[in-house]
Amino acid sequence: MTDAAEYLPEDADAVREALVSWYEADHREYPWRQTDDAYEILVSEVMSQQTQLDRIVSAWNDFLETWPTVEDLAAADRADVVGFWTDHSLGYNNRAKYLHEAAGQVVSEHGGEFPETPEGLQELMGVGPYTANAVASFAFNNGDAVVDTNVKRVLYRAFDEIHNTDDPPYAEVASALMPEGESRVWNNAIMELGGVACQKKPRCDEEGCPWRKWCRAYNTGDFSAPDVPTQPEFEGSRRQMRGRVISTLREFDELTLDDLGPRVRVDYSPNGEYGREWLHDLLSDLAEDGLVEVKEGDEETLARLQT
């Protein structure tokens, strides 16, 4: 098992205190940072997957105005939830489906009360290890160290031993660095450091990075960072086409392939590259995700939202 302590600076306590003090003195005031309501935090975490935080503030507010409680969301029509997701350009619509199903689980299986541990939260539909840990941390102060792309970049740049390791043990080091019983403030703080000061293009002095004294990158000028996956272009993507299918079926209820196709792609041609075969494949994916129904007839194939 990795001895994470060997990757930390000798004065690790000072490193911890400097980061928490920096965060508590000034940080971005997102509304989900002002609550410990697990439902509100889960909504923010699901919305922020591969989406910049600044872009989801209005969507988060609108969502909670529409469905203020987990009970409200559980009782909602799934088509309305998916439609909200599409209208607010929040990415993959199956996230809306899973969020709706998770709300139903909380109400039917847990009496409306969220599990308080990462392990318990992972039992909810669509809640993976990262999201479960984030909700446990921010709602219940009961999580492990969060390790996302920003946190990996911070650790890689800051500490010599991490930088010089072929397969850095990010999770172990992050856990060793986090003060015991302080997952809420710590995870917010280190994610803020990566999102504000230690961006891809660093802003160490401009943001008063509290780790400059210890930081390998700041003291050497080498701000290289570990390879991270890039977000595919949205325009013209399969993700965009899925969203258009959902939006169109919300408006027209039920359509044949040839009625639906031109509303999804202007270059739709029944027998072309983007034709019936392509659209049928797209609809099959959405059907597997429980978002649409595809009815095969003798002469026509019909598509509609699943209810």
Side-chain angles (χ1 to χ4, degrees), residues 32 38-53 55-109 114 121 124-128 131 135 231-232 234-257 259-265 268 278-295 301-307:
W32 48 86
Y39 169 62
E40 296 179 358
I41 291 168
L42 176 61
V43 172
S44 75
E45 288 296 326
V46 175
M47 284 187 175
S48 65
Q49 292 170 11
Q50 296 183 311
T51 304
Q52 294 179 346
L53 296 182
R55 288 183 51 206
I56 70 170
V57 173
S58 62
W60 184 83
N61 285 321
D62 290 348
F63 192 94
L64 293 176
E65 183 176 338
T66 306
W67 302 289
T69 69
V70 69
E71 289 83 4
D72 293 322
L73 181 59
D77 187 303
R78 182 167 62 189
D80 291 338
V81 182
V82 172
F84 178 99
W85 219 256
T86 299
D87 292 345
H88 287 74
S89 301
L90 290 168
Y92 296 106
N93 291 317
N94 56 358
R95 291 179 192 155
K97 172 200 167 191
Y98 293 148
L99 184 58
H100 181 245
E101 292 192 16
Q105 285 180 269
V106 171
V107 172
S108 64
E109 300 174 17
F114 276 77
L121 287 159
L124 301 179
M125 179 63 70
V127 177
T131 300
V135 175
Q231 175 77 351
F234 180 68
E235 188 63 35
S237 67
R238 194 172 182 85
R239 181 159 58 103
Q240 185 185 43
M241 298 303 111
R242 285 167 56 102
R244 287 181 180 174
V245 168
I246 298 297
S247 294
T248 303
L249 292 179
R250 285 182 67 215
E251 183 178 357
F252 291 94
D253 186 34
E254 183 176 83
L255 291 172
T256 67
L257 294 188
D259 286 332
L260 174 62
R263 293 178 169 86
V264 176
R265 288 191 68 108
Y268 175 86
W278 169 82
L279 183 56
H280 196 286
D281 181 59
L282 191 66
L283 290 169
S284 295
D285 280 353
L286 289 164
E288 287 181 10
D289 288 337
L291 298 172
V292 304
E293 295 177 9
V294 180
K295 296 192 292 185
T301 297
L302 296 173
R304 62 179 297 126
L305 289 182
Q306 230 184 69
T307 56

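Being a predicted model, the structure only gives us computed values, none of them experimental.
- Annotation: the span from K97 atom NZ to M125 atom CE amounts to 6.5 Å, rounded to 0.5 Å.
- In this structure, the side chains of V46 and L42 come closer than 4.5 Å at one or more pairs of heavy atoms.
- When all heavy atoms are compared, the tightest approach of F84 to A59 is CZ-O, 3.4 Å.
- For Y98, there are no ring pair (Phe, Tyr, Trp, His ring centres under 6.0 Å) partners, not counting sequence neighbours.
- Between the OG1 atom of T301 and the CG atom of L260 there is a distance of 11.0 Å, given to the nearest 0.5 Å.
- Considering all non-hydrogen atoms of both residues, N93 and L291 come closest at CB-CD1, 3.9 Å.
- Proximity of R238 to D281: side-chain heavy atoms (C-beta onward) are separated by under 4.5 Å at one or more points.
- At a threshold of 4.5 Å between non-hydrogen side-chain atoms, the residues N94 and R242 count as touching.
- Residues passing the ring pair (Phe, Tyr, Trp, His ring centres under 6.0 Å) test with W32 are Y30, W60, sequence neighbours excluded.
- Nearest heavy atom pair, residue L283 against residue V292, reads O-CG2, 3.5 Å.
- Classification of the Y39-F63 ring pair by plane angle, with boundaries at 30° and 60°, yields tilted.
- Atom CG of L90 and atom CH2 of W85 lie 5.0 Å apart (nearest 0.5 Å).
- Atom CZ of R250 is separated from atom CG of L305 by 8.0 Å, given to the nearest 0.5 angstrom.
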Under 3.5 Å, sequence neighbours excluded: what are the donor-acceptor pairs made by side chains of residues 68-78?
| residue | atom | partner | partner atom | Å |
| --- | --- | --- | --- | --- |
| T69 | OG1 | E71 | N | 3.4 |
| T69 | OG1 | E71 | OE1 | 3.3 |
| T69 | OG1 | D72 | N | 3.1 |
| T69 | OG1 | D72 | OD2 | 3.0 |
| D72 | OD2 | T69 | N | 3.2 |
| D77 | OD1 | A79 | N | 2.8 |
| R78 | NH1 | E101 | OE2 | 3.3 |
| R78 | NH2 | G290 | O | 2.9 |
| R78 | NH2 | Q306 | OE1 | 2.8 |

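- Checked by atom type and distance alone, the side chain of S48 pairs as donor or acceptor with a backbone atom of S44 at under 3.5 Å.
- G243 and T86 make their closest contact through O-CG2, 3.3 Å (heavy atoms, listed as atom of the first residue, atom of the second, distance).
- Judged purely by atom type and a 3.5 angstrom limit, R304 has no side-chain atom pairing as donor or acceptor with the backbone of E254.
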Inset, instruction - Starting from the C-alpha separation in whole Å, work towards a yes-or-no answer on side chain to side chain contact (heavy atoms under 4.5 Å, CB included) for T131 and Q49. - result: CA-CA 9 Å; T131 300; Q49 292 170 11; 3.4 Å; yes
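- Taking each heavy atom of W67 and V81 in turn, the nearest pair found is CH2-CA, 3.8 Å.
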Inset, instruction - List the steps, then state whether side chain to side chain contact (heavy atoms under 4.5 Å, CB included) holds for I41 with F114. - result: CA-CA 11 Å; I41 291 168; F114 276 77; over 6 Å; no
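- For the atom pair CZ (R265) and CG (L282), the distance works out to 10.0 Å, reported to the nearest 0.5 Å.
- Here the closest heavy-atom approach between residue V294 and residue A287 is recorded as CG2-CB, 4.4 Å.
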Inset, instruction - Given side chain to side chain contact (heavy atoms under 4.5 Å, CB included), test E293 with L249 step by step and report yes or no. - result: CA-CA 10 Å; E293 295 177 9; L249 292 179; over 6 Å; no
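- Here the CD1-CG distance, from I246 to D87, works out to 11.0 Å after rounding to the nearest 0.5 Å.
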